[in-house]
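This one's a predicted model, so the numbers in the text were calculated from it and none came from an experiment. As the structure lists them, so they are numbered: ligands from 1, and atoms in each ligand from 1.
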Amino acid sequence: MKKILILGGTGDASELARRVALLEGVEVISSLAGRTRKPAEVAGNVRVGGFGGEAGLGEFLQNETIDLVVDATHPFARCISFNAAAACLACGVEHLMLIRPAWEKMEGDQWIEVESNEMAAQVLAGFKRVFLTIGRQELAVFSNLPDIWFLMRMIDPPAPQMRIPKGELLLDKGPFSLADERALLVKYKIDVIVSKNSGGEATYAKIVAARELGKPVVMVERPPVPGGEVVTDVESAYLWILKKLFQ
Ligand code: NAP
């Protein structure tokens with residue numbers, strides 16, 4: 001029996017697990033950080049929670065006799081990706097990163113590109129009503145802007161002790177349609193969106209809606225990725241697995 005560890009928490013990771021779980025003689029283990037209260041169902045075996053850094057992940061790879069690792073985490077999940085690359089190298093386990101392409105700026109887009117959420121907060125001076133779509137973990141960065149009202153969308157509510165900006169929480173999970181995103185921007189009189197450059201289709205409609213309505217987007221650029229083999233779609237990751245296992 002061959003064992004594959006998929007580092008997940010994304011739609012692409014779930015889709016890859018679904019396909020790999022159908023292969024004869026292959027056990028797939030998907031790993032989730034445990035951030036969302038009700039994660040979507042994933043095919044195969046699932047483990048939840050951190051490994052304990054690079055060393056903990058290395059121990060897991062050895063104890064579970066993992067043959068291949070596919071890191072299909074979100075492009076902004078930087079720590080786990082660096083830990084995985086290092087642990088795989090140290091343990092001699094083959095490793096692939098599945099990183100969906102970033103969104104490209106198109107004609108009509110008014111993007112203000114920044115390197116971090118901290119820089120995003122700095123460029124918001126002068127705006128009044130902001131649609132914040134960065135998730136719930138880094139809301140505190142935007143909490144010292146008393147002149148701005150925020151619509152904050154996320155899957156689960158922030159931790160009770162977290163400092164959050166003034167405004168309204170919207171608990172919702174993609175994919176989001178263009179019609180709904182357009183209606184949201186109009187209903188809440190949004191004058192700027194803050195978004196990570198996540199890539200993919202599920203959350204792209206807000207970027208199109210902003211373009212259509214002539215609204216700017218503060219676009220947080222992706223963090224660096226570790227060196228190593230990269231593919232950009234599920235099909236290519238699946239073919240890599242087949243090649244490694246059966247050739
Ligand atoms: P991160 O900063 O890279 O990870 C922080 C720590 O969480 C890691 O060091 C690791 O703990 C643990 N961890 C992260 N992903 C894990 C996984 N798939 N399985 C087991 N442990 C994991 O990651 P993050 O940005 O907090 O994201 C957490 C998860 O949410 C990821 O799985 C990612 O795919 C998903 N996600 C993230 C975003 C985002 O914007 N960041 C968006 C959508 C989904 P140890 O060091 O103890 O191993």
Side-chain angles (χ1 to χ4, degrees), residues 4-17 28-40 42-64 66 68-88 90-91 93 95-100 102-103 114-118 120 132-142 152-156 158-159 162 171-176 193-204 206 218-226 228 230 234 237:
I4 301 185
L5 175 66
I6 299 177
L7 300 170
T10 61
D12 283 350
S14 303
E15 174 59 13
L16 184 62
V28 58
I29 304 172
S30 290
S31 176
L32 305 177
R35 302 276 193 273
T36 30
R37 280 187 192 165
K38 283 191 203 152
V42 182
N45 297 324
V46 177
R47 65 159 302 285
V48 180
F51 294 95
E54 177 194 327
L57 180 49
E59 267 177 43
F60 182 89
L61 297 178
Q62 286 174 328
N63 293 342
E64 293 287 331
I66 299 294
L68 302 174
V69 171
V70 179
D71 173 3
T73 56
H74 190 272
F76 280 79
R78 183 174 188 272
C79 300
I80 187 71
S81 291
F82 275 86
N83 288 347
C88 288
C91 298
V93 174
H95 163 257
L96 178 75
M97 287 172 279
L98 166 53
I99 309 176
R100 61 193 182 212
W103 296 319
V114 295
E115 283 174 15
S116 63
N117 285 322
E118 287 75 10
L132 198 52
T133 64
I134 56 153
R136 69 190 164 116
Q137 292 187 75
E138 291 174 80
L139 292 174
V141 172
F142 297 88
M152 297 161 267
R153 184 164 68 192
M154 63 207 73
I155 298 171
D156 293 316
M162 183 183 274
L171 302 183
D172 205 353
K173 187 178 181 181
F176 303 104
I193 296 175
V194 180
S195 172
K196 293 174 179 173
N197 194 334
S198 298
E201 288 301 315
T203 59
Y204 187 59
K206 63 177 181 255
V218 177
M219 187 65 81
V220 183
E221 290 166 13
R222 293 175 170 200
V225 289
V230 176
V234 173

Could you tell me if the side chain of [Y] sits less than 4.5 Å from the side chain of [X], heavy atoms only?
| X | Y | result |
| --- | --- | --- |
| Ser81 | Val225 | no |
| Leu57 | Leu5 | yes |
| Glu115 | Val220 | no |
| Ile29 | Ile66 | yes |
| Pro75 | Lys196 | no |
| Asn83 | Phe51 | no |
| Arg136 | Met162 | no |
| Lys173 | Thr36 | no |

Taking only heavy atoms of [X], which atoms of ligand 1 are found under 4.0 Å from at least one of them?
| X | value |
| --- | --- |
| Ser31 | 17 (C), 18 (N), 19 (N), 20 (C) |
| Asn83 | 9 (O), 46 (O) |
| Gly8 | 18 (N), 31 (C), 32 (O), 33 (C), 34 (O) |
| Gln137 | 26 (O) |
| Gly50 | 11 (O), 21 (N), 45 (P), 47 (O), 48 (O) |
| Arg47 | 20 (C) |
| Lys196 | 39 (C), 40 (O), 41 (N) |

Side chain to side chain contact (heavy atoms under 4.5 Å, CB included) assessment of Met219 paired with Trp103: CA-CA 10 Å; Met219 187 65 81; Trp103 296 319; 3.8 Å; yes

Atom pair CD/CG of Glu138 and Asn117 - distance to nearest 0.5 Å: 4.5 Å

Gap between atom CZ of Arg153 and atom CZ of Phe176 - 0.5 Å precision: 3.5 Å

Nearest neighbour in protein (non-hydrogen) for [atom]:
| atom | answer |
| --- | --- |
| atom 43 (C) of ligand 1 | His74 CD2, 3.3 Å |
| atom 35 (C) of ligand 1 | Gly9 O, 3.7 Å |
| atom 17 (C) of ligand 1 | Ala33 N, 3.5 Å |
| atom 23 (O) of ligand 1 | Ala77 CB, 3.4 Å |
| atom 10 (C) of ligand 1 | Ile80 CD1, 4.0 Å |
| atom 2 (O) of ligand 1 | Cys79 SG, 3.8 Å |
| atom 48 (O) of ligand 1 | Phe51 N, 2.7 Å |
| atom 47 (O) of ligand 1 | Gly52 N, 2.9 Å |

Tell me, please: is [X] in heavy-atom contact with ligand 1, that is, under 4.0 Å?
| X | value |
| --- | --- |
| Gly49 | yes |
| Gly56 | no |
| Glu54 | no |
| Leu57 | no |
| Gly135 | no |

Selected option - heavy-atom contact closest to atom 5 (C) of ligand 1, from Arg35, Glu138, Arg136: Arg35

Leu32 contact mode with ligand 1 (heavy-atom cut-off under 4.0 Å): backbone

Heavy-atom donor-acceptor pair, Thr133 side chain to Val194 backbone, under 3.5 Å: yes

Intermediate values then yes/no, side chain to side chain contact (heavy atoms under 4.5 Å, CB included), Val70 and Leu68: CA-CA 7 Å; Val70 179; Leu68 302 174; 5.6 Å; no

Heavy atoms from other residues, nucleotides or ligands near CD of Glu64 exceed 12 (cutoff 6.0 Å): yes

CD (Glu221) with more than 12 external heavy atoms under 6.0 Å: yes

What about [X]: any of its N or O atoms under 3.5 Å from an N or O on ligand 1?
| X | answer |
| --- | --- |
| Gly53 | yes |
| Thr10 | no |
| Ser81 | no |

